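Position 1 is the first residue of the sequence, and the numbers go up from there. Not measured: the values here are computed from a predicted model.
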Amino acid sequence: EVQLVESGGGLVQPGGSLRLSCAASGSTFSSYHMNWVRQAPGKGLEWVSDINSGGEIPMYADSVKGRFTISRDNAENSVYLQMNSLKPEDTAVYYCAASDSGYGSDNAKDYDYWGQGTQVTVSS
């Protein structure tokens with residue numbers, strides 16, 4: 001059992017930055033790939049980023065590559081998403097999600113655990 005709680009969302013102007021956090025509980029946290037998945041208003045899920053269990057291999061969707069940075073601290077049971085150069089199209093609810101392996105899926109069935117989500121709004 002893994003429980004996830006996101007925080008750090010809010011309102012930011014285009015070009016601004018935001019840092020999302022995901023706090024996890026459960027002794028098996030370090031066994032999972034951790035992902036950030038977002039859902040814009042009226043749209044489906046979009047995979048954003050992933051990091052492997054050891055934290056050595058971050059992966060990103062093309063839409064955020066070069067702007068977002070994912071990291072994890074297994075000792076703190078935490079995952080982070082640093083978002084820079086934010087654009088209005090980044091507006092979405094951002095979810096932290098755990099998966100056994102792999103990355104890049106927009107299908108909710110490919111994830112084992114989900115957080116409650118945190119709202120990110122990029123607007124002038």
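A cation-pi contact, defined as under 6.0 Å to the ring centre and within 45° of the axis, is absent between R72 and Y80. In this structure, R67 forms no cation-pi arrangement with Y60, as its terminal cationic atom is not both closer than 6.0 Å to the ring centre and no more than 45° off the ring axis.
In this structure, D90 does not pair ionically with K87, as no charged nitrogen and carboxylate oxygen lie closer than 4.0 Å.
Distance check: L81 CG to C22 SG gives 10.5 Å after rounding to the nearest 0.5 Å.
Summarising the geometry of L4 relative to A24, their closest heavy-atom pair is CD2-CB, 3.5 Å, with the distance given to 0.1 Å.
Of the possible polar contacts, none joining the D50 side chain to the W36 backbone as a donor-acceptor pair under 3.5 Å is found. A side-chain donor-acceptor contact under 3.5 Å links N52 to the backbone of G55. The main-chain N or O of G10 is never found under 3.5 Å from a side-chain atom of Q119 such that the two would form a donor-acceptor pair. A side-chain donor-acceptor contact under 3.5 Å links E6 to the backbone of G117. Counting only distance, with no hydrogens or angles, the side chain of N35 and the backbone of V37 share no donor-acceptor pair below 3.5 Å. Under the 3.5 Å distance criterion, the side-chain polar atoms of T91 are matched with a main-chain donor or acceptor of V122. Looking only at distances, no side-chain donor or acceptor of Q82 sits under 3.5 Å from a matching main-chain atom of F68. D100 places no side-chain N or O within donor-acceptor distance of the main-chain N or O of D112, the cut-off being under 3.5 Å.
Between Y111 and Y95, a ring centre-to-centre spacing not shorter than 6.0 Å is recorded.
Residues W47 and V93 are members of one and the same hydrophobic cluster, defined by side-chain heavy-atom contacts under 4.5 angstrom among Ile, Leu, Val, Met, Phe, Trp and Tyr. Hydrophobic cluster membership differs between M59 and L20, with clusters built from Ile, Leu, Val, Met, Phe, Trp and Tyr side chains linked at under 4.5 angstrom.
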Exercise. Where do N74 and S30 land on the side chain to side chain donor-acceptor pair (under 3.5 Å) test, with the steps shown first?
Worked result: CA-CA 6 Å; N74 287 342; S30 61; 5.2 Å; no
For this session: Evaluate the criterion side chain to side chain contact (heavy atoms under 4.5 Å, CB included) for residue pair Q116 and V5; output intermediate values, then yes/no.
Result: CA-CA 6 Å; Q116 85 289 348; V5 180; 3.8 Å; yes
